[in-house]
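The block underneath contains the structure these notes are about, expressed in structure tokens.
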Amino acid sequence: MQNNSFFKLLFLVSIVSFFASCDKDFNEIGSDVVNNDHFGLIQDTTKTVIAYNQATGSVETSNLLINSLGYYNNPFFGKTRASIVSQVLLDTVNQTIGSLPTVTKVELSLPYFSHLVSTDATTGNHTYELDSVHGYVTTDSKKVFNKIKLSVYESNYYLRDYDASLGFQNAQKYYSGATSDFDANKNPNRLNDDTDASQNDAFLYSADEIKTYKTVDGVEVVDTRSVPGMRLKLRNQFFQDKLFGAGASGKFINNNVFKEYFRGLYFKADNSASSSNEGSLALLNIRLGKIIVTYNVTVTSSTGVETIKEKKFGISLGGSSVNLLENDYNTQYTSGVTSNANATTGGYNLYPKGGESSMAIIKLFGEDIRGYYTNGVAPNVPNGIPDELDDLRHPFDGQKLLVNEANLTFYVDKIKMTGASEPNRIYLYDLNNHRPIIDYYIDNSVASNAKLNKNIHGGILEKETASSIVDKRGIKYKIRLTNHLINLISKDSTNVRLGLVVTESIVNNTNSQLKNTTTGVNPFSKIPTASVINPLGTVLFGNNIPTVDPNYAKRLKLEIYYTKPN
């Protein structure tokens, strides 16, 4: 009875597969075939996969949607300093200033990415947790982020919209490695020079709700509540001179004139004086930054009485920006990339890392030596198609496969990643054409967190699940490329090279320019922007692992699940 049930189920699966496909096309059942145990399907893990590393170098970081700011020491990869230069814009152009303006307060605000955890029903106080901040210690089950040194300077470097060398026909590109250019063109006097060290030399990313107060009937009560964010006091005298000095005349007529006059702010991050090895790094939307200049003016009434009136002058950070990255990488990382960069044999480890760093390149199905079989005979004439792919397109026995699922599974080298923050997702794409593969496009699955959209296509970090483990570490990333494989086999699509990078946002599939085109076989000149944004990296097992190695079972494999029609 059990055998009969088994064959009935297998027959039913085959029938469904047949009618869901056309005569020559292969069938995709979906992401989880019978609870992901692939019941009744044939597994093939014999196909060749070659994966190796490629350093990217300095990369375009102008006008990123998300910027990095801070100092982070990754236990494996090394140290990164991330700074930001941003243009400033007038909230109100051609604003009427008033008589005898005197600056009394300048505050810069910039919200962090955070989410609400709870609200106290009695006090109304909110508890938040910060998102996308790396570098902390855990105290009483609460994340306490490491301090950094943060300096804010006036930038005298003009960020052009268009490239003069290209006849102003193309957008101007700025690159991650241009720190020295901006250092040489900044006003050396720090603007956040308050005596409170938390404003500069001991700056701390805090998840605390921001509250302002007012006095009502002699009692101090909460006036406003804001989500966690940066609040910096900037030097009054600088803004007094810049906005209301003799040189400011006629500079507020529009933002083009203002940008030329006040060229921007430079947020420079470094390690705090208390430690050269610890810090924290946050992802921010610099365009949400705001400077409010509070100043007093003298108002004379019709009777000649003079009074003082308080006014506000708003400046936003909504203009062009550049993210600057300085890296002091560990030798174990840089030598690992170099020693695992053989495009013929592949690498033992893969080192996809965000920012200006490295990625992995993947080639499927090996080499082309003999062409494909015709009537059981191999022509021994190369035809430009890998032999393994030829065998799938033209099976020796003439019986084509019904492909149900295909995956690449990347296991994390947990020893090398000990103590390091792990990227939540990796992204596989068509490196030849710099675009996603078809499985990305057809996966319309959504999640409450947009970073987890397209979860059938995958690439999301799978972590340890045991309840006894406090710090659950990553185990593997699994990426489904079923339809990519179907197209290769049944539609003779080009067997392109695949790029593998970390990603900060799966919905962002745009690309950023490399400052220098890569060297070696099949060079390329751009990488996914979402990888540039993500400051993290991971160490994965590659394909080139000896059979006697204890990690052999974790080697990179292409897993194909298929059925054969009768």
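All figures in this text were calculated on a predicted structure; none of them were measured in a lab.
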Salt-bridge present (K47, D44; N to O < 4.0 Å) | yes
Crowded around Q43 CD? As in, over 12 foreign heavy atoms under 6.0 Å?
-> yes
Close side-chain approach of F365 and L485, heavy atoms under 4.5 Å = yes
Stepwise, does the salt bridge (Lys or Arg N to Asp or Glu O under 4.0 Å) test hold for K268 with E326?
-> CA-CA 11 Å; K268 188 171 180 63; E326 299 174 271; 3.7 Å; yes
Measure from NZ or CZ of K554 to the centre of the six-membered ring of F541 and say whether it is under 6.0 Å with the direction within 45° of the ring axis.
-> no
Measure across K147 and L204 and return the closest heavy-atom pair with its distance rounded to 0.1 Å.
-> CG-CD1, 4.0 Å
Find out whether N63 and S321 are in side-chain contact, i.e. whether some heavy atom of one side chain is under 4.5 Å from a heavy atom of the other.
-> yes
So do the side chains of D161 and Q172 get within less than 4.5 Å of each other, counting heavy atoms only?
-> no
Could you pull out the closest heavy-atom pair between A343 and I50, with the gap in Å?
-> O-CG2, 3.5 Å
Check: G458 main-chain N/O paired with D439 side-chain donor or acceptor under 3.5 Å = no
Can you check whether D387's main-chain N or O pairs, donor with acceptor, with D368's side chain at less than 3.5 Å?
-> no
Does one side chain, of D443 or S445, offer a donor that lies under 3.5 Å from an acceptor on the other?
-> yes
Does the side chain of I426 come within less than 4.5 Å of I479's, by heavy atoms?
-> yes
Residues L556, T409; criterion side chain to side chain contact (heavy atoms under 4.5 Å, CB included); working and verdict | CA-CA 6 Å; L556 175 61; T409 301; 5.9 Å; no
Determine whether more than 12 heavy atoms belonging to other residues, nucleotides or ligands lie under 6.0 Å from atom NZ of K454.
-> yes
Can you find a side-chain donor-acceptor pair between Y266 and D183 that sits under 3.5 Å?
-> yes
Minimum heavy-atom distance N146-G279, with the two atoms named = ND2-O, 3.3 Å
Hey, are Y348 and D549 close enough side-chain-wise for a donor-acceptor pair under 3.5 Å?
-> yes
Check: Y333 ring centroid to F77 ring centroid under 6.0 Å = yes
Quick check: does any side chain N or O of S505 sit under 3.5 Å from a backbone N or O of A530, one acting as donor and the other as acceptor?
-> no
Going by the ring-ring contact (aromatic ring centres under 6.0 Å, His included) test, name the single residue among Y112, Y128, Y71 that passes it with Y205.
-> Y112
Examine K143 relative to Y136 and say whether NZ or CZ is less than 6.0 Å from the centre of the six-membered ring and inside a 45° cone about the ring axis.
-> yes
Is a side-chain N or O of Q513 found less than 3.5 angstrom from the main chain of V59, in a donor-acceptor match?
-> no
Do any N or O atoms from the side chain of N185 and from the backbone of D181 form a donor-acceptor pair under 3.5 angstrom?
-> yes
In terms of side-chain heavy atoms, does N327 have a donor or acceptor partner in T80 at a distance below 3.5 Å?
-> yes
Are the side chain of Y174 and the backbone N or O of R160 linked by a donor-acceptor pair below 3.5 Å?
-> yes
Count the heavy atoms of every other residue, nucleotide or ligand shown that sit under 6.0 Å from NZ of K515, and state whether that count exceeds 12.
-> no
Neighbour count >12 (heavy atoms, 6.0 Å) for atom NZ, K149 | no
Answer yes or no: is there a donor N or O on one side and an acceptor on the other, between the side chain of N433 and the main chain of R435, under 3.5 Å?
-> no
Are the side chains of R497 and N522 in touch, meaning some heavy atoms are under 4.5 Å apart?
-> yes
Distance-only polar pair, side chains of T45 and E559, donor-acceptor under 3.5 Å = no
Using a 4.5 Å cut-off on heavy atoms from C-beta on, say whether the side chain of H134 contacts that of F145.
-> no
Whether N53 side chain and A55 backbone form a donor-acceptor pair below 3.5 Å = no
Of the non-hydrogen atoms in G355 and L325, which two are nearest, and what is the gap between them?
-> CA-CD1, 3.9 Å
Compare every heavy atom of A269 with every heavy atom of L69, then report the nearest pair and how far apart it is.
-> CD1-CB, 4.1 Å
Is a side-chain donor-acceptor pair under 3.5 Å present for N67 with N285?
-> no
Pair E356-S176, side-chain donor/acceptor within less than 3.5 Å | yes
Are side-chain heavy atoms of I438 and N487 found at a separation under 4.5 Å?
-> yes
Establish, from distance only, whether the side-chain atoms of N349 and N340 form a donor-acceptor pair under 3.5 Å.
-> no
Side chains of R425 and T503: donor-acceptor distance under 3.5 Å anywhere?
-> no
Does the side chain of Y175 pick up a donor-acceptor pair with the side chain of E60 at under 3.5 Å?
-> no
May I ask you to decide if H457's main-chain N or O and R480's side chain share a donor-acceptor pair within less than 3.5 Å?
-> no
Could you go step by step and tell me if N156 and N187 meet the side chain to side chain donor-acceptor pair (under 3.5 Å) rule?
-> CA-CA 7 Å; N156 291 316; N187 184 327; over 6 Å; no
Would a 4.5 Å heavy-atom cut-off, applied to side chains only, mark I286 and F267 as touching?
-> yes
Give the intermediate values and the outcome of salt bridge (Lys or Arg N to Asp or Glu O under 4.0 Å) for residues D201 and R190.
-> CA-CA 11 Å; D201 291 338; R190 189 160 63 175; 3.0 Å; yes
Any side-chain donor paired with an acceptor under 3.5 Å for N424 and K451?
-> no
For Y162, look at atom OH and say whether over 12 heavy atoms of other residues, nucleotides or ligands are found less than 6.0 Å away.
-> no
Between E422 and K414, does at least one N-O distance fall below 4.0 Å, as a salt bridge requires?
-> no
For a side-chain hydrogen bond (donor to acceptor under 3.5 Å, both in side chains) with R81, tell me which candidate from D328, T179, D270 qualifies.
-> D270
Quick one: do the Y72 and S421 side chains pair a donor with an acceptor below 3.5 Å?
-> yes
What is the minimum heavy-atom distance between N323 and S83, and which atoms define it?
-> ND2-O, 2.8 Å
Count the heavy atoms belonging to other residues, nucleotides or ligands that lie under 6.0 Å from NZ of K173, then report whether that count exceeds 12.
-> yes
Indicate yes or no for a side-chain donor-acceptor contact from S86 to the backbone of L317 under 3.5 Å, with no hydrogens or angles considered.
-> yes
Kindly assign one of parallel, tilted or perpendicular to the pair Y429 and Y427, based on the angle between their ring planes and the thresholds 30° and 60°.
-> parallel
N277 and K79 side chains, donor-acceptor separation under 3.5 Å = yes
